[in-house]
Amino acid sequence: MEACMEQACTETEGATLRTEMEAYAKAHHVPILNEHGRRFYAEFVRKQQPHRILELGTAIGYSALLALSIAPADCTVETVELLPARYETAKKYLARSPLGRRVTQHLGDAGDMLDILRGQGKTYDFIFLDAAKGQYPDYFEKAAPMLEPGGVIVADNVLFRGYVLHPVMMPRRFETIVERLQRYLELVNTPPYKTELFPRGDGLALTRREE
Ligand code: SAM
């Protein structure tokens, strides 16, 4: 009973901290999972019950804390952020939650970090792509060998304002990013990968490695 109450207390504190982070992100124009994204992401974590998460794009640590609030108690997150200021802000927020102890932060370019982590022989059962959208095909090529059978890759913003499926009236400046996201969707629909698209918001893709 006591343990139950402690757990409830931690959950309440976690939710309060995340509400504060949402307000910070809004005030400082930091892109974090939007309302739809949060709901889907939480559901993916709940279904997958991951033990080792790799996240590209820490921002202020919001999605890392959200995932750990749902994942099994032994779950860890490794997360990569390019911008030193965001890395530091995430560090402060993560230090305020007991869940933060299960997060390892990396400062640097996500593509480079994928090479390093692969070189270290790391594997993951849940990978979240949420850094540079134009790099998703590259991230996928590098991350896929680290994905365990039965594991999933979640990618945010894959529909890029709807242009990825309907590139009509698309401004020319978006051509490269949209082509790369289209390429990403081809890659993740090639066996042994199978992908479900969740088009609400900016689009989330849930890819499962089937063997
Ligand atoms: N996952 C976070 C959340 O929902 O709480 C939001 C991440 S935000 C959409 C994308 C983050 O990726 C930004 O903080 C950005 O600085 C970072 N980023 C952009 N390019 C990157 C790169 N090449 N390597 C690592 N991080 C990068």
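Everything numeric here is computed off the predicted structure, so don't read it as measured data. Counting begins at 1 with the first residue of the sequence.
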Take the angle between the ring planes of Phe126 and Tyr41 and call it parallel below 30°, perpendicular above 60°, tilted in between.
-> perpendicular
Would Asp130 and Asn157 count as a side-chain contact (heavy atoms from CB on, under 4.5 Å) if you check the C-alpha gap in whole Å, the side-chain angles of each, and the deciding distance to 0.1 Å?
-> CA-CA 8 Å; Asp130 200 18; Asn157 311 110; 3.6 Å; yes
Does Asp115 pair with Lys142 as a salt bridge, N-O distance under 4.0 Å?
-> yes
Just wondering, more than 12 heavy atoms not from Lys194 lying within 6.0 Å of its NZ?
-> no
Would you call Met113 and Asp109 a side-chain contact if the rule is heavy atoms closer than 4.5 Å?
-> no
Under 30°, 30 to 60°, or over 60°: which ring-plane class applies to Phe40 and Phe198, parallel, tilted or perpendicular?
-> tilted
Is the shortest heavy-atom distance from the side chain of Leu185 to the side chain of Val164 under 4.5 Å?
-> yes
So does Glu20 pair up with Arg96, basic N to acidic O under 4.0 Å?
-> yes
Geometric class of the Tyr24/His28 ring pair [parallel <30°, tilted 30-60°, perpendicular >60°] = parallel
Would you indicate whether the side-chain heavy atoms of Glu88 and Leu107 approach each other to under 4.5 Å?
-> no
Taking atom types as modelled, is there a side-chain donor on Glu81 or Thr58 under 3.5 Å from an acceptor on the other?
-> no
Would Tyr193 and Phe140 count as a ring pair (Phe, Tyr, Trp, His ring centres under 6.0 Å) if you check the C-alpha gap in whole Å, the side-chain angles of each, and the deciding distance to 0.1 Å?
-> CA-CA 11 Å; Tyr193 302 99; Phe140 179 77; 5.1 Å; yes
Do Glu148 and Arg52 have side chains that get closer than 4.5 Å, going by heavy atoms?
-> yes
With no hydrogens and no angle check, do the side chains of Asp125 and His51 hold a donor and an acceptor under 3.5 Å apart?
-> no
Do the side chain of Ser97 and the main chain of Leu99 share a donor and acceptor less than 3.5 angstrom apart?
-> yes
How about Arg208 and Ile153: do any of their side-chain heavy atoms sit closer than 4.5 Å?
-> no
Polar side chain donor-acceptor pair, Lys133 to Tyr136, under 3.5 angstrom = yes
So with a 6.0 Å cut-off around CD of Glu35, is the heavy-atom count from everything else above 12?
-> no
